[in-house]
There are 2 protein chains.
Amino acid sequence: MKNYTLKDISELAGVAPITVSRVINNDKYVKAETREKILRIIREKGYHPNFAARSLVLKKTKIIGLMVADLENPFFSRLTRGVIQTAENNGYNIITCESKFDNSIGKKYLNMLMDKGIDGLLLANMNVSTDTINDLRRRRIPFVLLTCRMEMPDVNYAIADDYQGGRLAADYIIKLGHKNIAFLKGPDISSSNERFLAYKREMEKNNLEIKDYFISEEVINQYGGYKVTTKLLKEHKDITAIIAINDFVAIGALEAILDLGLSVPENVSLIGYDNINFTKLLKVPLTTINYPKYRCGVAGTKMLLNMLNSKKLNFKERVILKNKLIVRKSCSQIN
Amino acid sequence: MKNYTLKDISELAGVAPITVSRVINNDKYVKAETREKILRIIREKGYHPNFAARSLVLKKTKIIGLMVADLENPFFSRLTRGVIQTAENNGYNIITCESKFDNSIGKKYLNMLMDKGIDGLLLANMNVSTDTINDLRRRRIPFVLLTCRMEMPDVNYAIADDYQGGRLAADYIIKLGHKNIAFLKGPDISSSNERFLAYKREMEKNNLEIKDYFISEEVINQYGGYKVTTKLLKEHKDITAIIAINDFVAIGALEAILDLGLSVPENVSLIGYDNINFTKLLKVPLTTINYPKYRCGVAGTKMLLNMLNSKKLNFKERVILKNKLIVRKSCSQIN
DNA sequence: TCAACTAATGAAAGCGCTACCATATCTTCA
DNA sequence: TGAAGATATGGTAGCGCTTTCATTAGTTGA
């Protein structure tokens, strides 16, 4: 009942420690017979190499940090699955943190993460400051942005095209004849900003006025969607359609609309974004934009793994996937 | 642009390495003036202690492993949030793995986790074999079961009382006058088994026959719920109520029922378990049992942290929370 | 037959930190 | 005033691995 070290094993086998190390690392310069003997002893004694010692000399932990904005948004659950599965298939583990869209929280946990000796970092939908980027560079921690982007040299990302998706949503609503279209805005992140930009451009292109109350304050979750929608519809009866920054927010909005005694889409059309699980089964099946979450997680993780294996930091890689309109029942023609 | 070591800092400050170490670890035996000087240099040079070296000598990584069954089930998202937040507040990070209710996958990732030198382990809703338990003991890795239990000495857990919750569900359905009540069974885990047991006992207590087709094969996710329900209702028109092992499965069942052109609760009453997010907003708001997911994650993590801090392994601690019936619209009186 | 390999093993050093023990100075108080 | 304790600092060893360099034996080829 003790914890064996490599040295213990070497003594039991009557060889030098380095020989045991060679066996563990599949070095070919070990006689078959010696190898078997050592493996037998390792198995018998239940020996496992010490992770910390190994990391210390190899300067690698095979751990990747993942920072997501909101653990309970199914969008991130799906993304995370892509990340974890890809990492595990390559011998890496994932440490997850939650930024809650709050930069100071994000920074705090980021530091915690970096101090843990992670080999690389995945930042999902986080507004990264130049400070943070510099920090990461100084500490030589390779990173990849997920579902958001920054156009800076050597900042790599895997995203779906939010501007394209945003147009899909706005176009669809506008073509249905709506004119007073509100937009439930998200936090200041590229994904959210580009969706918003697409909305504005399409409104302009179609000569539709954007009254200032069309644009909500920043909303980051279901509850926010509920609050903002309630206020909006109470004060402005002219709104006939709402574009939500994402499904999570849209679900809050839907709840609010129904609680106000209104109907979707008869009184208000509602479109979301992301196509998270369950939106199909909501009281009013939600029309939305499908975001390839899983694929995005996989692509970003693979990109990071490439960076880790090739050692050079001046990569330039980006993956931009496409979104798709999913028509369900939450939008209708205006009469 | 180099990575400074503790020794570098000590040389720059003109002190011994150990003095720098003392500053980092807040040892009180350092003159205020010396401390400040060292801290200044640390800040200037952007020094960060090497995690691996520290772990090696302290024999601690401050990393906890978390094994969940299904990353995309919102039940686990909520639980995970409780775990991560509690861990982080205490300086620990979480490495997450997914077992997918598959013991061989679970074991594989468990080994990966253990090899990573985690300090402790949280096993959520996983059917743990005696082998695994022995492994964990041999390697001296403290662990806590989450949302499932095993009645063995020194196996600690944090759960809600699944038997109690199971009774709540069965009782409710039976009191509504249903007699032909099907049960969508989950995998062989205590949580799932106890809910099932409660169903059987309540049926017996009320002299209701359990025909063998009432009991489904094992279902582990939404898709499974859909498949099993479709088959069940096509073949057996006498079923008037379905108890699903959890909401995720219930949502699949709901979809199936609607796809068959039937109504909930008019044709079939449906009750879930867990009260995951969104169930309130489903086409048919789901009647279910609320499981205190977040609190369970917090309680289990705290328990593990206690074990890690107190060093002794022969703990006996268990937390058993209560469930609550949430009546919504998916069940009705039989006529 | 001898140089030039490959195969198989080991000795020593070191990764970056902390534990343990030692030393030196400074207080405190009977 | 001197013994006992608190304060402040350092030397050495070692955590459990891998890297680097040596060494020896066996094999190949012109």
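All heavy atoms count here, side chains included; hydrogens, waters and symmetry mates do not. Below, read A as the first sequence line, B as the second, and so on, with proteins coming before strands; counting in each chain starts at 1.
Between the NZ atom of A/Lys7 and the P atom of C/dG10 there is a distance of 15 Å, given to the nearest Å. Taking atom CD1 of residue A/Ile18 and atom P of nucleotide C/dG10, one finds them 10 Å apart after rounding to whole Å. Atoms CD (B/Glu11) and P (C/dC17) sit 12 Å apart, rounded to a whole Å. Taking atom CZ of B/Arg54 as the reference point, atom P of C/dC15 lies 19 Å away to the nearest angstrom. A straight line from CG of B/Leu56 to C1' of D/dT18 spans 13 Å, rounded to a whole angstrom. With rounding to whole Å, B/Arg22 atom CZ is found 16 Å from C/dC17 atom P. Regarding B/Leu6, its CG atom lies at a distance of 19 Å from the P atom of D/dC15, rounded to whole Å. The nearest whole Å value for the distance from the CG atom in A/Leu58 to the C1' atom in D/dT19 is 10 Å.
The main-chain N or O of B/Tyr4 is never found under 3.5 Å from a side-chain atom of B/Asp8 such that the two would form a donor-acceptor pair.
Counting heavy atoms from C-beta outward, A/His48 and B/Met114 have side chains that stay 4.5 Å or more apart. Inter-residue side-chain proximity for A/Ser21 and A/Leu6 is flagged as met; some heavy-atom pair is nearer than 4.5 Å. Put simply, the side chain of A/Ile84 does not reach to within 4.5 Å of the side chain of A/Thr301, judged on heavy atoms.
In this structure, NZ on A/Lys107 lies 12.0 Å from CG on A/Asp102, to the nearest 0.5 angstrom.
Nearest nucleotide to the B/Thr19 side chain, out of D/dT9, C/dT9, C/dT18: D/dT9.
Look at A/Ser21 and you won't find any side-chain N or O under 4.0 angstrom from OP1 or OP2 of D/dC17. Residue A/Lys59 places no side-chain N or O under 4.0 Å from the OP1 or OP2 atom of D/dT18.
When heavy atoms are screened at a 4.0 angstrom cut-off, B/Ala16 is found touching the sugar-phosphate backbone but no base atom.
Of the residues in residues 24-50 of chain A, those placing a heavy atom less than 4.0 Å from an atom of DNA chain C are A/Lys28, A/Tyr29, A/Val30, A/Lys31, A/Thr34, in numerical order.
For the side chain to side chain contact (heavy atoms under 4.5 Å, CB included) criterion with A/Asn103, the lone passing option out of A/Val128, A/Asn127, A/Leu110 is A/Asn127. Exactly one of A/Asp70, A/Thr80, A/Val68, A/Thr147 qualifies for a side chain to side chain contact (heavy atoms under 4.5 Å, CB included) with A/Phe75. That residue is A/Thr147.
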